[in-house]
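This report concerns only the one structure given below.
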Amino acid sequence: MPELPEVETIVRKLRPDLVGKTITNAKLLWPRTLASPSPKLFKRQIRGQKIEKVSRRAKYLDIKLSDFHLFIHLRMSGDLYIKENKAPLEKHDRLILEFGSIHTTEKKDGSKLVFNDTRKFGRVWLVRDANDVIGGLGPEPLSKTYTAEKLYADLQSRHRQLKPLLLDQSFLAGMGNIYTDEALHIARLHPLTSSDSVNRKHAKLLFDAIQEVLQEGIRRNGASIDWVYRGGEFQNYFRVYGRDGKPCPNCGTVIIRLVVGQRATHICPNCQVKGS
DNA sequence: CACGTCACCTGCGTGC
DNA sequence: TGCACGCAGGTGACGT
């Protein structure tokens, strides 16, 4: 489920409940959820850590602790909840962080952060140096320092199909399958077009489209589809994603589904003409 | 370097 | 009803 707007939505929701909390205990229910360090070290290091800041980098939640960064990536099916400490374990809960005061043994009135992840693809890191996890990421698309001219130059520097390139997190960090299809449609670019054949004018259109879909996604609290419901509503405003067989909102042509780089891809064959 | 394939997982919808 | 199959918002390790 989670691309940049969904993660941003989760961060905004969790932040007020997390900042200032002290982690008193960690329960790891599916060991592979933890990317690093070892479960033993993780439990020892995280105990007593206070949450100072909750933010996002691309699709990663970045929870700044007293001495570490706790990074969480939800991958395909991860989700995060704040619950009462006494709330029962649910199916697919993978990691629990309990809060309370480290100075007393009283824990029962505390709350907890629950990482639930059906497909077990999600990962958690506890590191001192943030770059160990997010160091390889490309630019943050909504950052003030990311510009159309930068995108144009980056596109020119590569010779790759547009869609796989936009999904490459080292090229641009935060786009996923939905928002990429939506942005390419708005910019009227075909997903197989070679990046270095995109001219400056079209790069600007693509840049604006990326800004637009990400901001709209955030404004609508992300997209909720399938059996994972998050309360977002962007799914009701998709232009092409998952709309194969339905009319293009621009021209009425039937939207088609193709596969690009192993990913379902949706385009209007009239608006998005394959270039070189 | 670009691209294809598979692996990692569970659950849901569809069609026989 | 059962069952096989295809599909899913992501990424990383390979091989060519």
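All figures in this text were calculated on a predicted structure; none of them were measured in a lab. In the text below, chain A, chain B and the rest are named by the order of the sequence lines, each starting its count at 1.
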Note to self: Would the base of C/dA8 count as contacting A/Arg119 through its side chain, where contact means a donor and an acceptor less than 3.5 Å apart?
What the structure shows: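 Yes, a donor-acceptor pair under 3.5 Å.
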When rounded to the nearest Å, what value does the distance between [atom1] atoms of [N] and [M] take?
N      : M     : atom1 : answer
C/dG10 : B/dC1 : P     : 24 Å
B/dC9  : C/dC3 : P     : 24 Å
B/dC3  : C/dG9 : C1'   : 23 Å
C/dG6  : B/dT5 : P     : 15 Å

In whole angstrom, what separates [X]'s [atom1] from [N]'s [atom2]?
X        : N      : atom1 : atom2 : answer
A/Asp181 : C/dG10 : CG    : P     : 10 Å
A/Asp244 : C/dA8  : CG    : C1'   : 13 Å
A/His266 : C/dA8  : NE2   : C1'   : 11 Å
A/Leu74  : B/dC9  : CG    : P     : 17 Å
A/Arg243 : C/dG9  : CZ    : C1'   : 18 Å
A/Leu165 : B/dC3  : CG    : C1'   : 13 Å
A/Asp79  : B/dT10 : CG    : C1'   : 15 Å
A/Asp117 : C/dG9  : CG    : P     : 15 Å

If you check every side-chain atom of [X], which of [options] has the closest atom?
X        : options              : value
A/Ile178 : B/dA2, B/dG11, C/dG9 : C/dG9
A/Ile225 : B/dC9, B/dG4, C/dG9  : C/dG9
A/Gln262 : B/dC6, C/dA8, B/dC3  : B/dC6
A/Glu6   : C/dA8, C/dG9, B/dC8  : C/dG9
A/Asn177 : B/dG11, C/dC7, C/dG9 : C/dG9
A/Gln161 : B/dG4, C/dG9, C/dC7  : B/dG4

Strictly below 4.0 Å: does [X] bring a side-chain N or O up to OP1 or OP2 of [N]?
X        : N      : answer
A/Tyr241 : C/dG9  : yes
A/His92  : B/dG11 : yes
A/Lys120 : B/dT10 : yes
A/Lys91  : B/dT10 : no

Taking ring-ring contact (aromatic ring centres under 6.0 Å, His included) as the cut-off, I'd like each qualifying pair that reaches into residues 116-142 of chain A, sequence neighbours left out, listed once.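 Applying ring-ring contact (aromatic ring centres under 6.0 Å, His included) to every pair that reaches into residues 116-142 of chain A, excluding sequence neighbours, yields A/Tyr60-A/Trp125.
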- Message: Heavy atoms only, 4.0 Å cut-off, all strands: where does A/Arg123 land among base, sugar-phosphate and nothing?
- Response: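 Nothing: the residue A/Arg123, judged by heavy atoms under 4.0 Å, touches no strand.
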Quiz prompt | Charged tip of A/Lys83 within 45° of A/Tyr81 ring normal and under 6.0 Å | solution =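 Yes.
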**Report entry** Ring-face cation contact, A/Phe171 with A/Arg158, 6.0 Å cut, 45° max
**Finding:**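 Relative to the ring axis of A/Phe171, which defines the angle, A/Arg158 lies outside at least one limit.
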Under 3.5 Å between N/O atoms: give me all the protein pairs with nucleotides 11-13 of chain C, atom names plus distance.
from: C/dT11; atom 1: OP1; to: A/His73; atom 2: NE2; distance (Å): 2.8
from: C/dT11; atom 1: OP2; to: A/Lys59; atom 2: NZ; distance (Å): 2.7

Exercise. Between A/Phe238 and A/Tyr241, how do the two ring planes meet: parallel, tilted or perpendicular, split at 30° and 60°?
Worked result: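 Perpendicular.
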Symbol by symbol from the 5' end, with Watson-Crick or G-U pairs under 3.5 Å, [ ] crossing and | another strand, DNA chain B is .|||||||.|||||||
> According to the 5.5 Å centroid and 30° plane-angle thresholds, does A/Phe121 stack upon the nucleobase of B/dC8?
Replying inline: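 Yes, A/Phe121 stacks on the base of B/dC8.
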Would A/Phe234 and A/Tyr179 count as a ring pair (Phe, Tyr, Trp, His ring centres under 6.0 Å) here? Give the steps. CA-CA 10 Å; A/Phe234 186 55; A/Tyr179 292 89; 5.3 Å; yes
For residues 178-204 of chain A, pull every pair meeting salt bridge (Lys or Arg N to Asp or Glu O under 4.0 Å), keeping only residues two or more places apart or in separate chains.
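As it turns out, the salt bridge (Lys or Arg N to Asp or Glu O under 4.0 Å) pairs with a partner in residues 178-204 of chain A, which skip direct neighbours, are A/Glu149-A/Arg200, A/Lys163-A/Asp181, A/Glu182-A/Arg239, A/Lys204-A/Asp208.
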Open item on the list: Is it the case that the side chain of A/Thr24 and the backbone of A/Glu98 share a donor-acceptor pair, with hydrogens and angles ignored and the cut-off at 3.5 Å?
Closed with: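 Yes, A/Thr24 side chain to A/Glu98 backbone: donor-acceptor pair under 3.5 Å.
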Considering all heavy atoms, the nearest A/Ile46-A/Ala26 contact:
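Minimum heavy-atom contact is CG2-CB, 4.0 Å.
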_With rounding to the nearest 0.5 angstrom, report the CG to CD distance, A/Leu65 to A/Gln45._
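Nearest 0.5 Å value for the CG-CD distance: 10.5 Å.
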Quick one: list whatever passes side-chain hydrogen bond (donor to acceptor under 3.5 Å, both in side chains) with A/Asp17, sequence neighbours left out.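 A/Asp17 satisfies side-chain hydrogen bond (donor to acceptor under 3.5 Å, both in side chains) with no other residue.
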For A/Arg32, all residues meeting side chain to side chain contact (heavy atoms under 4.5 Å, CB included), sequence neighbours excluded: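 So A/Arg32 forms a side chain to side chain contact (heavy atoms under 4.5 Å, CB included) with A/Trp30, A/Arg123.
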